[in-house]
Amino acid sequence: VTSACDNLHPFADGQLDQAAHGHFEQHLAECDDCARGLTDILVLGALADQVRDDEARETQRTQTREEIAIADLPRKSWWRRRPRWRWHFSWTDWRVWSGGLGAGVVALGLLLLARTAGSPPDAFLIAELQGRPYRATEARLAVAAFSGYRPLSGERGAEQRLVDSMTTMRQQALASLERERRYHLLGAVYLLGQQYGRAARVLSLTPDSPEVWNDRAVLAYQQGQMQDAIAHAERALALAPGQGAALWNRALALEALGRYADAARGFEDCAARNEFGWSAEAALRASVLRARLSPREVPRGPR
Amino acid sequence: MTPTASRNSQLEGAEPGGSPGVPASPASPLEGASIQPFDVGHYTTELKRRALLLTRGDASRASDLVQDTFERALRNVHRLAPQSNIRAWLYTIMVRLFRDTVRKDRVRRGCSYDDCVLTAPEVESPPRWSALGTSQIRSALQQLKPVLRDTFERREFHHLSYQQISSELGVPVATVGTRISRAREQLREILLSELDRVPGREER
């Protein structure tokens, strides 16, 4: 073990400066101990990823169970009430009439509550979309159901499978969202399913808010309209300065326009917000953009 | 690890009629082998993140490294033992390929061949403790000192840089580096001793 071997962990974590990194690469090519050590470090990282994924999946499952339980709650309480007024049934008793009227009012109230709180098909649809361990788009939605962090899927066809699953079995749930005028959530669902025309229609029906302007920016970004995406994200930022999702989407659009320095600054702003997952990915994106801006020190030969 | 269910980009064990991911041919090394399915796309993001650290943010080098890793993994998938940890195996391949790349660059720059011996293209096995389950890894993490575990989790779970961890914990950057390397060494030792307690596991 030499003093060069001391740099193994900072090298594996990308913490060395350019010169030290290059020196360690050369050392690594010769040192079998460091090669084994590097493998161990990466494999330990892989096992940690595995533990983190399992915990995230378990948390997601618990949340989904809680959401479905909440959606079912009014219906359960209605069934529990039914035996009581059956027990007192008598046509001649005035209390039956008043009780029946009261039960009708309560049932109507519960029905309205169930419609506004989210019916089970919606809960299942949202649970299915939220249950994916990876997100299908680089952009970041602000609607509450989908604003949590999930790593970006590198998998080809992830979006296509989402579209397929939506078009085959979720029409009832989508119709229910539309009937209940939950246009923002519906727009996000259409957006995730790449049904951009429908997403634009329902998002235009939604009252303006920072979150809605952000999701309109995502829609523009997904359609390749980068100037519109920037304009919409800036509308969101004007209403809610420092909104993480809007900062993110503006930076993405700037990157797509080739304005790497502005995009890197945008991602650095996102990274500074210390939001779980998003900050780490933003820092990584910013560092990649910064690396792209600086000239390469070591020219690469042809592959 | 539970393999993902059948998907477009999924590579599955060859069956007599062929598999969805790999066209069946008599010469296929997959034919007749007992192979666990794995989903290439599922691991791309993680591998790319690690490759970017190894190449210090060089996106094109990192992409090449990840692509070469998958290519070699797919060529050698028939060697993958059942119940192997695919993530660990992919990282083992990636480190080997990274070293190969550095050596090849040296040859291009005019270094003599003897000084820059190219490695043979075989695939090494991952560390034997990588086959342990999530619960054992979680238990190993619990055995670390809280200060080491906290620093390790900030680095590996939340992907914070040494600088960020240092400012969050209020300790020097060098201390963060020391804690992370100690945590890794102790985890490795704990997992090795755990492996010795598990019956039926053999030395690599």
Side-chain angles (χ1 to χ4, degrees), chain A residues 6 8-18 21-22 25-26 28-29 35-55 133-134 151-158 160-161 271 274 276-277 279-281 283-284 287-288 290-292 296 298 300-301 303, chain B residues 1 7-9 39-46 48-50 52-54 56-61 64 85 87-88 90-92 94-96 98-99 102-103 105-106 108 116 124 126-127 130 132 134 137-138 141 152-153 155-164 177 180-181 184 187-188 191:
Chain A
D6 292 342
L8 173 61
H9 289 270
F11 172 82
D13 291 324
Q15 304 294 317
L16 295 177
D17 61 34
Q18 188 81 41
H21 194 92
E25 271 189 16
Q26 300 305 318
L28 181 68
R36 270 191 294 276
L38 182 60
T39 307
D40 285 355
I41 290 170
L42 295 192
V43 172
L44 271 177
L47 298 181
D49 285 340
Q50 203 167 300
V51 170
R52 187 203 54 205
D53 283 1
D54 283 359
E55 283 175 358
Y134 292 91
L152 179 63
S153 171
E155 186 183 353
R156 285 178 200 157
Q160 190 53 50
R161 276 198 303 283
N274 280 332
F276 175 74
S279 288
E281 189 178 325
L284 183 66
S287 66
V288 170
R290 291 283 178 210
R292 196 182 285 181
R296 275 191 199 160
V298 183
R300 297 196 62 206
R303 277 178 59 77
Chain B
M1 174 182 314
R7 288 182 170 180
N8 293 343
S9 60
D39 185 342
V40 168
H42 186 73
Y43 303 105
T44 309
T45 312
E46 290 171 21
K48 184 78 182 286
R49 192 177 65 78
R50 296 282 175 183
L52 278 167
L53 292 177
L54 290 183
R56 207 172 181 279
D58 187 334
S60 65
R61 261 183 95 192
D64 290 349
N85 186 321
R87 273 182 167 113
L90 289 171
Y91 283 124
T92 308
M94 192 162 84
V95 170
R96 193 176 180 89
F98 182 71
R99 288 184 86 199
V102 175
R103 289 171 171 174
D105 282 348
R106 278 185 177 184
R108 279 199 205 100
C116 327
E124 282 184 355
S130 66
L132 289 170
T134 309
I137 297 154
R138 205 175 282 153
L141 275 171
F152 177 82
E153 287 182 351
R155 173 68 210 151
E156 296 293 354
F157 285 15
H158 305 299
H159 308 312
L160 298 183
S161 68
Y162 286 14
Q163 187 66 50
Q164 286 169 314
I180 288 172
S181 61
R184 283 171 176 156
L187 263 181
R188 193 176 156 277
L191 291 174

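Proteins get letters first, then strands, A, B, ... in listed order; numbering begins at 1 in each.
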Engaged part of [X] at the chain B interface, taking heavy atoms whose separation is under 4.5 Å:
X	value
A/Leu38	both
A/Glu25	both
A/Leu16	backbone

Query - With A/Val51 via side chain to side chain contact (heavy atoms under 4.5 Å, CB included) - residues at least two apart - result: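 A/Val51 satisfies side chain to side chain contact (heavy atoms under 4.5 Å, CB included) with A/Glu55, B/Thr134, B/Ile137, B/Arg138, B/Phe157 once adjacent residues are dropped.
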**Report entry** Sequence-distant partners of B/Arg188, side chain to side chain contact (heavy atoms under 4.5 Å, CB included), two or more places apart
**Finding:**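 Here the qualifying residues are A/Asp40, B/Trp129, B/Leu192.
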Query raised in the report: When you check the gap from the basic side-chain N to the acidic O, do B/Lys48 and A/Glu281 get nearer than 4.0 Å?
Result: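 Judged by the 4.0 Å cut-off on N to carboxylate O distance, B/Lys48 and A/Glu281 do not form a salt bridge.
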Report task. Kindly say whether A/Ala35 contributes a backbone atom to a donor-acceptor pair with the side chain of B/Arg99 at under 3.5 angstrom? Result ->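 Such a contact is absent between B/Arg99 side chain and A/Ala35 backbone.
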Query raised in the report: Highest number of heavy-atom pairs under 4.5 Å with chain B: which of A/Ala46, A/Ala280, A/Gly14, A/Ser287?
Result: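 Among A/Ala46, A/Ala280, A/Gly14, A/Ser287, the one with the most close pairs to chain B is A/Ala46.
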Query raised in the report: What closest approach, in Å, do A/Leu42 and B/Tyr91 show between heavy atoms, and which atom pair accounts for it?
Result: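 In terms of heavy atoms, the two residues are closest at O-CD1, 3.6 Å.
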Query raised in the report: Nearest heavy-atom pair of A/His21 and B/Leu53: which atoms, and what distance?
Result: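 Closest approach of A/His21 to B/Leu53, heavy atoms only: CE1-O, 3.4 Å.
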Query raised in the report: Picking from B/Leu52, B/Leu191, B/Ile180, which has the most non-hydrogen pairs under 4.5 angstrom with chain A?
Result: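 Ranked by contacts with chain A, first place is B/Leu52.
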Report task. Determine, stepwise, if the pair A/Asp49 / B/Arg49 fulfils side chain to side chain contact (heavy atoms under 4.5 Å, CB included). Result -> CA-CA 12 Å; A/Asp49 285 340; B/Arg49 192 177 65 78; 4.2 Å; yes
Query - Euclidean distance, A/Asp13 CG relative to B/Ser181 OG, rounded to 0.5 Å - result: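 It is 9.5 Å, given to the nearest 0.5 Å.
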Report task. Mind checking the CG-CD spacing from A/Asn274 to B/Gln164? Nearest 0.5 Å is all I need. Result ->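 Between A/Asn274 CG and B/Gln164 CD, I get 7.0 Å after rounding to 0.5 Å.
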Report task. Check whether the side chains of B/His159 and A/Arg52 place a donor and an acceptor atom closer than 3.5 Å, and report yes or no. Result ->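 On atom types as modelled, these side chains qualify, holding a pair under 3.5 Å.
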Requested in this report: Please examine the side chains of B/Glu156 and A/Leu44, heavy atoms only from C-beta on, and report whether any two atoms are closer than 4.5 Å.
Outcome: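 When only atoms from C-beta onward are counted, B/Glu156 and A/Leu44 do not touch, as no gap falls below 4.5 Å.
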Query - Side-chain heavy atoms of A/Phe11 within contact of B/Arg56, under 4.5 Å - result: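 No, side chains not in contact.
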Query raised in the report: So what's closer than 4.5 Å to chain A heavy atoms on B/Arg50: side chain, backbone, both or neither?
Result: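 Looking at B/Arg50, just its side chain touches chain A.
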